[in-house]
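These notes are about the structure you will find just below.
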Amino acid sequence: VGMAYGEVLNRHGDVFGEPVNIASRLCGSARPGTILVDSPLADQIVDDEQFRIRPISPLSVRGYRRLKASTLGRPRAARDH
């Protein structure tokens with residue numbers, strides 16, 4: 001899964017904008033079972049105890065030479081239950 005934060009344009013059931021493109025690139029780079037998020041989304045949820053954010057090396061994907069991303073997961077304590 002790939003997720004990105006930002007403003008989008010919704011037209012006739014389609015969604016356009018840079019976050020849509022970034023989410024698509026992240027999705028294409030994610031390993032099976034992994035959730036990748038862009039830096040703006042990671043910044044929005046980094047203090048939320050429901051999630052664990054782990055930065056990864058910048059990605060080189062079409063249109064973005066050094067895309068900063070992180071993996072999103074549950075905190076270790078939540079996974080143990």
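When a residue number appears, it is its place in the shown sequence, counting from 1.
For R66 against P58, the heavy-atom pair with the smallest separation is NH2-CG, 3.5 Å. Taking all atoms of both residues into account, the shortest heavy-atom contact from P55 to S70 is CA-OG, 3.5 Å. Here the closest non-hydrogen pair linking A69 and S39 is N-OG, 4.5 Å.
The same ILVMFWY cluster, assembled from side-chain heavy atoms under 4.5 Å apart, contains both L36 and I22. Residues I35 and L26 do not share a hydrophobic cluster, clusters being chains of Ile/Leu/Val/Met/Phe/Trp/Tyr side chains in contact below 4.5 Å. Both I56 and L67 belong to a single network of hydrophobic side chains, linked directly or stepwise wherever heavy atoms of I, L, V, M, F, W or Y lie under 4.5 Å apart. Hydrophobic clustering keeps V1 apart from V20 (ILVMFWY residues linked when any side-chain heavy atoms are closer than 4.5 Å, directly or through intermediates).
To the nearest 0.5 Å, atoms CD (Q50) and CZ (R74) are separated by 11.5 Å. A distance of 9.0 Å separates CD of E18 from CG of D38, quoted to the nearest 0.5 Å. The CG atom of L59 sits 12.0 Å away from atom NZ of K68, with the distance rounded to the nearest 0.5 Å.
For the pair L41/L72, no side-chain contact is recorded, criterion being any heavy-atom separation below 4.5 Å from C-beta on.
Under the rule for a side chain to side chain contact (heavy atoms under 4.5 Å, CB included), the partners of Q44 that lie at least two apart in sequence or sit in another chain are Y5.
Under a 3.5 Å cut-off, the side chain of S29 and the backbone N or O of R25 do form a donor-acceptor pair.
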